[in-house]
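As C-alpha coordinates, the structure follows; a few thoughts come after it.
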Amino acid sequence: MPPDGLYPPPAPAEAPPGAAGGKRTTSRVGVVLTGVLGGSLLALYAVAAPFLAPALRKVCLPFVPATTAQVENVLGVLRARSGTLVDIGSGDGRIVIAAAKRGFQASGFELNPWLVWYSRYSAVREGVHSSTSFHISDLWKVSFAPYSNVVIFGVPQMMDQLELKLAGELPSTAQVVACRFPFPTWVPEHVAGEGIDTVWVYDAKTFKSRSQQTTPDHDNKLDPLT
(Lines give C-alpha, C1' and ligand atoms only; values in the text may rest on other atoms or scores of the structure.)
Protein backbone atom coordinates (compact mmCIF):
# COMPACT_ATOMS: atom_id res chain seq x y z
CA MET A 1 0.00 0.00 0.00
CA PRO A 2 1.56 3.33 -1.01
CA PRO A 3 2.18 5.79 1.79
CA ASP A 4 -0.13 8.68 2.29
CA GLY A 5 0.39 11.63 -0.06
CA LEU A 6 1.81 9.61 -2.97
CA TYR A 7 -1.36 9.95 -4.98
CA PRO A 8 -2.66 13.38 -6.01
CA PRO A 9 -6.22 14.28 -4.92
CA PRO A 10 -8.88 13.27 -7.40
CA ALA A 11 -9.79 15.93 -9.96
CA PRO A 12 -13.25 17.50 -9.56
CA ALA A 13 -15.89 15.94 -11.74
CA GLU A 14 -16.59 17.90 -14.90
CA ALA A 15 -20.14 19.05 -15.62
CA PRO A 16 -21.67 17.19 -18.50
CA PRO A 17 -21.76 19.10 -21.78
CA GLY A 18 -24.75 21.49 -21.96
CA ALA A 19 -25.46 21.55 -18.18
CA ALA A 20 -24.68 25.27 -17.78
CA GLY A 21 -26.77 26.13 -20.80
CA GLY A 22 -29.63 24.08 -19.40
CA LYS A 23 -29.56 26.04 -16.14
CA ARG A 24 -29.63 29.33 -18.03
CA THR A 25 -32.56 28.13 -20.16
CA THR A 26 -34.50 27.02 -17.07
CA SER A 27 -33.88 30.42 -15.47
CA ARG A 28 -35.15 32.25 -18.56
CA VAL A 29 -38.25 30.07 -18.71
CA GLY A 30 -38.96 30.83 -15.05
CA VAL A 31 -38.67 34.58 -15.67
CA VAL A 32 -40.96 34.35 -18.70
CA LEU A 33 -43.57 32.31 -16.82
CA THR A 34 -43.48 34.76 -13.91
CA GLY A 35 -43.97 37.67 -16.30
CA VAL A 36 -46.84 35.94 -18.11
CA LEU A 37 -48.56 35.09 -14.81
CA GLY A 38 -48.13 38.63 -13.49
CA GLY A 39 -49.44 40.14 -16.73
CA SER A 40 -52.44 37.81 -16.73
CA LEU A 41 -53.34 38.75 -13.15
CA LEU A 42 -53.02 42.44 -13.99
CA ALA A 43 -55.22 42.06 -17.06
CA LEU A 44 -57.80 40.09 -15.05
CA TYR A 45 -57.90 42.84 -12.43
CA ALA A 46 -58.29 45.53 -15.10
CA VAL A 47 -61.26 43.71 -16.61
CA ALA A 48 -62.91 42.67 -13.35
CA ALA A 49 -62.41 45.81 -11.28
CA PRO A 50 -65.17 47.86 -12.97
CA PHE A 51 -67.62 45.02 -12.36
CA LEU A 52 -66.59 44.43 -8.75
CA ALA A 53 -66.27 48.05 -7.63
CA PRO A 54 -70.02 48.81 -7.66
CA ALA A 55 -70.61 45.76 -5.48
CA LEU A 56 -68.44 47.31 -2.76
CA ARG A 57 -70.83 50.23 -2.40
CA LYS A 58 -73.63 50.25 0.17
CA VAL A 59 -76.25 50.38 -2.59
CA CYS A 60 -75.37 49.05 -6.00
CA LEU A 61 -77.04 48.36 -9.33
CA PRO A 62 -75.84 44.90 -10.39
CA PHE A 63 -75.70 44.31 -14.13
CA VAL A 64 -78.52 41.98 -15.12
CA PRO A 65 -79.35 42.36 -18.83
CA ALA A 66 -82.96 43.28 -19.58
CA THR A 67 -84.95 40.57 -21.32
CA THR A 68 -86.65 41.16 -24.65
CA ALA A 69 -90.00 41.17 -22.86
CA GLN A 70 -88.80 43.81 -20.40
CA VAL A 71 -87.63 46.07 -23.20
CA GLU A 72 -90.94 45.69 -25.02
CA ASN A 73 -92.90 46.36 -21.83
CA VAL A 74 -90.94 49.56 -21.18
CA LEU A 75 -91.45 50.79 -24.73
CA GLY A 76 -95.10 49.73 -24.62
CA VAL A 77 -95.98 51.85 -21.59
CA LEU A 78 -94.09 54.78 -23.12
CA ARG A 79 -95.59 54.49 -26.59
CA ALA A 80 -97.63 57.71 -26.19
CA ARG A 81 -94.65 59.61 -24.77
CA SER A 82 -91.82 61.52 -26.44
CA GLY A 83 -88.93 63.82 -25.62
CA THR A 84 -85.97 63.00 -23.41
CA LEU A 85 -85.46 59.65 -21.71
CA VAL A 86 -82.90 58.47 -19.20
CA ASP A 87 -82.08 54.91 -18.16
CA ILE A 88 -80.62 54.85 -14.64
CA GLY A 89 -78.10 52.02 -14.50
CA SER A 90 -78.13 51.55 -18.27
CA GLY A 91 -75.95 48.42 -18.38
CA ASP A 92 -75.18 47.43 -21.97
CA GLY A 93 -77.41 50.21 -23.35
CA ARG A 94 -80.20 48.12 -24.82
CA ILE A 95 -83.03 50.21 -23.29
CA VAL A 96 -81.44 53.48 -24.43
CA ILE A 97 -80.82 52.19 -27.95
CA ALA A 98 -84.33 50.74 -28.27
CA ALA A 99 -85.83 54.03 -27.04
CA ALA A 100 -83.76 56.02 -29.52
CA LYS A 101 -85.12 53.87 -32.32
CA ARG A 102 -88.62 54.87 -31.18
CA GLY A 103 -87.79 58.56 -31.44
CA PHE A 104 -86.58 59.44 -27.93
CA GLN A 105 -83.48 61.48 -27.24
CA ALA A 106 -82.12 58.88 -24.86
CA SER A 107 -79.32 58.88 -22.28
CA GLY A 108 -77.87 56.24 -20.00
CA PHE A 109 -75.95 56.55 -16.73
CA GLU A 110 -73.78 53.64 -15.67
CA LEU A 111 -70.87 53.17 -13.24
CA ASN A 112 -69.14 50.42 -15.20
CA PRO A 113 -66.89 51.99 -17.88
CA TRP A 114 -66.68 48.77 -19.91
CA LEU A 115 -70.49 48.71 -20.26
CA VAL A 116 -70.56 52.40 -21.19
CA TRP A 117 -67.96 51.89 -23.91
CA TYR A 118 -69.83 48.84 -25.19
CA SER A 119 -73.08 50.84 -25.20
CA ARG A 120 -71.49 53.61 -27.26
CA TYR A 121 -70.18 51.05 -29.73
CA SER A 122 -73.62 49.42 -29.97
CA ALA A 123 -75.28 52.79 -30.58
CA VAL A 124 -72.92 53.46 -33.49
CA ARG A 125 -73.49 49.96 -34.86
CA GLU A 126 -77.30 50.39 -34.60
CA GLY A 127 -77.19 53.81 -36.26
CA VAL A 128 -78.55 55.81 -33.29
CA HIS A 129 -75.36 57.41 -31.93
CA SER A 130 -76.67 60.92 -32.72
CA SER A 131 -79.75 60.44 -30.53
CA THR A 132 -78.06 58.62 -27.62
CA SER A 133 -75.49 59.46 -24.97
CA PHE A 134 -73.88 57.31 -22.32
CA HIS A 135 -72.19 58.59 -19.18
CA ILE A 136 -69.92 57.00 -16.55
CA SER A 137 -71.50 58.42 -13.42
CA ASP A 138 -72.94 57.68 -9.99
CA LEU A 139 -76.72 58.16 -10.13
CA TRP A 140 -76.71 59.93 -6.75
CA LYS A 141 -74.49 62.66 -8.18
CA VAL A 142 -76.62 63.32 -11.27
CA SER A 143 -79.60 65.64 -11.57
CA PHE A 144 -82.48 64.10 -13.52
CA ALA A 145 -84.34 67.39 -13.87
CA PRO A 146 -83.80 67.60 -17.68
CA TYR A 147 -85.60 64.30 -18.36
CA SER A 148 -89.30 63.78 -19.02
CA ASN A 149 -89.09 59.96 -19.03
CA VAL A 150 -87.12 57.91 -16.52
CA VAL A 151 -86.46 54.16 -16.60
CA ILE A 152 -84.94 52.42 -13.59
CA PHE A 153 -83.90 48.81 -13.03
CA GLY A 154 -83.34 49.23 -9.30
CA VAL A 155 -82.91 47.08 -6.22
CA PRO A 156 -85.17 47.23 -3.14
CA GLN A 157 -82.46 48.75 -0.92
CA MET A 158 -82.34 51.93 -3.01
CA MET A 159 -85.94 52.55 -4.06
CA ASP A 160 -87.04 54.59 -1.04
CA GLN A 161 -84.03 56.90 -1.41
CA LEU A 162 -84.59 57.21 -5.15
CA GLU A 163 -88.22 58.19 -4.50
CA LEU A 164 -87.02 61.26 -2.61
CA LYS A 165 -84.44 62.19 -5.22
CA LEU A 166 -86.78 61.90 -8.20
CA ALA A 167 -89.66 63.65 -6.43
CA GLY A 168 -87.37 66.57 -5.74
CA GLU A 169 -85.81 66.82 -9.21
CA LEU A 170 -88.26 65.75 -11.91
CA PRO A 171 -90.73 68.12 -13.57
CA SER A 172 -94.42 67.42 -12.91
CA THR A 173 -94.86 66.29 -16.53
CA ALA A 174 -92.37 63.45 -16.15
CA GLN A 175 -93.13 59.76 -16.07
CA VAL A 176 -91.12 57.08 -14.28
CA VAL A 177 -91.00 53.40 -15.25
CA ALA A 178 -89.69 50.99 -12.61
CA CYS A 179 -88.61 47.53 -13.72
CA ARG A 180 -88.40 44.37 -11.57
CA PHE A 181 -89.09 46.24 -8.30
CA PRO A 182 -91.74 48.92 -7.63
CA PHE A 183 -91.26 52.03 -5.55
CA PRO A 184 -92.26 51.43 -1.92
CA THR A 185 -94.77 54.28 -1.35
CA TRP A 186 -95.70 55.59 -4.78
CA VAL A 187 -98.98 54.39 -6.30
CA PRO A 188 -98.53 53.27 -9.93
CA GLU A 189 -100.81 54.61 -12.64
CA HIS A 190 -100.38 51.46 -14.66
CA VAL A 191 -98.73 48.03 -14.41
CA ALA A 192 -97.69 45.91 -17.39
CA GLY A 193 -96.18 42.47 -17.77
CA GLU A 194 -95.74 39.77 -15.18
CA GLY A 195 -93.01 38.15 -13.09
CA ILE A 196 -89.54 39.59 -13.58
CA ASP A 197 -90.79 41.38 -16.70
CA THR A 198 -93.28 43.52 -14.75
CA VAL A 199 -93.02 47.31 -15.10
CA TRP A 200 -94.70 49.95 -12.92
CA VAL A 201 -95.58 53.37 -14.34
CA TYR A 202 -95.68 56.48 -12.14
CA ASP A 203 -96.74 60.04 -12.98
CA ALA A 204 -94.56 62.75 -11.45
CA LYS A 205 -97.56 65.02 -10.88
CA THR A 206 -99.03 62.42 -8.51
CA PHE A 207 -95.94 61.49 -6.51
CA LYS A 208 -94.68 65.08 -6.32
CA SER A 209 -97.97 66.21 -4.77
CA ARG A 210 -97.79 63.39 -2.24
CA SER A 211 -94.20 64.35 -1.44
CA GLN A 212 -95.17 67.97 -0.86
CA GLN A 213 -97.96 66.91 1.49
CA THR A 214 -95.71 64.68 3.62
CA THR A 215 -92.60 66.95 3.36
CA PRO A 216 -90.27 64.49 5.15
CA ASP A 217 -86.94 65.58 6.56
CA HIS A 218 -84.67 63.88 4.04
CA ASP A 219 -81.69 66.19 3.73
CA ASN A 220 -79.31 63.37 4.68
CA LYS A 221 -81.10 60.54 2.89
CA LEU A 222 -80.46 61.29 -0.76
CA ASP A 223 -76.96 59.88 -0.84
CA PRO A 224 -76.77 56.29 0.53
CA LEU A 225 -72.99 56.35 0.31
CA THR A 226 -72.47 58.65 3.27
Side-chain angles (χ1 to χ4, degrees), residues 47-48 50-55 57 59-129 131-139 142 144 147-163 166 170 174-184 186-204:
V47 172
F51 291 88
L52 297 177
R57 306 171 73 89
V59 177
C60 65
L61 287 173
F63 173 53
V64 180
T67 66
T68 301
Q70 287 169 339
V71 176
E72 289 302 319
N73 287 340
V74 169
L75 297 178
V77 298
L78 294 175
R79 60 183 175 275
R81 304 277 299 178
S82 61
T84 56
L85 177 145
V86 61
D87 183 9
I88 301 175
S90 54
D92 61 3
R94 63 185 64 190
I95 291 285
V96 173
I97 291 172
K101 290 181 177 180
R102 299 288 182 94
F104 290 95
Q105 187 66 37
S107 301
F109 288 89
E110 170 62 48
L111 269 177
N112 190 319
W114 295 103
L115 293 176
V116 171
W117 296 331
Y118 177 80
S119 299
R120 291 170 179 168
Y121 163 74
S122 297
V124 172
R125 184 184 60 190
E126 296 294 329
V128 293
H129 62 281
S131 55
T132 60
S133 61
F134 296 93
H135 311 275
I136 304 171
S137 183
D138 184 337
L139 71 90
V142 176
F144 297 109
Y147 301 99
S148 55
N149 302 278
V150 177
V151 180
I152 173 68
F153 281 76
V155 292
Q157 296 91 331
M158 66 178 288
M159 300 303 275
D160 58 341
Q161 297 160 339
L162 191 58
E163 274 190 356
L166 295 180
L170 293 179
Q175 193 168 83
V176 178
V177 181
C179 306
R180 291 202 180 102
F181 298 101
F183 285 94
W186 291 354
V187 178
E189 305 291 334
H190 179 59
V191 179
E194 58 184 15
I196 64 170
D197 298 324
T198 303
V199 298
W200 294 262
V201 184
Y202 305 90
D203 284 339

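- Residue pairs meeting the salt bridge (Lys or Arg N to Asp or Glu O under 4.0 Å) criterion with at least one member in residues 115-127, sequence neighbours excluded: Lys101-Glu126.
- Cys179 and Trp200 make their closest contact through C-CZ3, 4.3 Å (heavy atoms, listed as atom of the first residue, atom of the second, distance).
- For Ser107, the side-chain hydrogen bond (donor to acceptor under 3.5 Å, both in side chains) criterion is met by Ser133, not counting sequence neighbours.
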Pairs of donor and acceptor atoms involving the side chains of residues 71-80, under 3.5 Å and at least two apart or interchain, shall be tabulated with distances.
| from | atom 1 | to | atom 2 | distance (Å) |
| --- | --- | --- | --- | --- |
| Asn73 | ND2 | Ala69 | O | 3.3 |
| Asn73 | ND2 | Asp197 | O | 2.8 |
| Arg79 | NH1 | Gly76 | O | 2.4 |

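- No side-chain donor-acceptor contact under 3.5 Å links Ser90 to the backbone of Gly93.
- In this structure, Ile97 and Ser122 approach most closely via the heavy-atom pair CD1-CB, 3.5 Å.
- Residues satisfying the side chain to side chain contact (heavy atoms under 4.5 Å, CB included) test with Ser119, not counting sequence neighbours, are Phe134.
- Within the model, atoms CG of Leu111 and CG of Leu139 stand 7.5 Å from one another, a figure rounded to the nearest 0.5 Å.
- Residues Ser131 and Gln105 have side chains in contact (heavy-atom distance under 4.5 Å, counting atoms from C-beta outward).
- Of all heavy-atom pairs spanning Tyr147 and Leu170, the tightest one is O-CD2, 3.8 Å.
- Side-chain atoms of Thr132 never come within 3.5 Å of backbone atoms of Ala123 as a donor-acceptor pair (strictly under, hydrogens ignored).
- No donor-acceptor contact under 3.5 angstrom links the side chains of Gln175 and Asn149, judged on distance only.
- Applying the salt bridge (Lys or Arg N to Asp or Glu O under 4.0 Å) test to residues at least two apart or on different chains, the pairs with a partner in residues 82-100 are Asp92-Arg94.
- Annotation: ring pair (Phe, Tyr, Trp, His ring centres under 6.0 Å) contacts of His190 (sequence neighbours excluded): none.
- Between the side chain of Glu110 and the main chain of Leu115, no donor-acceptor pair closer than 3.5 Å is present.
- Minimum heavy-atom separation, Asp203 to Glu189: OD2-CG, 3.4 Å.
- Legend: residues meeting side chain to side chain contact (heavy atoms under 4.5 Å, CB included) with Ser137, ordered by chain and number and at least two apart, are Phe109, Val142.
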Original post:
Could you go step by step and tell me if Val150 and Ile88 meet the side-chain contact (heavy atoms from CB on, under 4.5 Å) rule?
Top reply: CA-CA 7 Å; Val150 177; Ile88 301 175; 3.6 Å; yes
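- For the side chain to side chain contact (heavy atoms under 4.5 Å, CB included) test, residues two or more places apart in sequence or in another chain that qualify with Phe183 are Ile152, Met159, Leu162, Glu163, Leu166, Val176, Ala178, Trp186, Tyr202.
- In this structure, Trp114 and Trp117 have perpendicular ring planes: the angle between them is above 60°, well past the 30° mark.
- Qualifying side chain to side chain contact (heavy atoms under 4.5 Å, CB included) partners for Val124, counting only residues two or more places apart in sequence or in other chains: His129.
- Listed for the Asn112 side chain is no donor-acceptor partner under 3.5 Å among the backbone atoms of Gly91.
- At least one side-chain heavy atom of Val191 sits under 4.5 Å from a side-chain heavy atom of Thr198.
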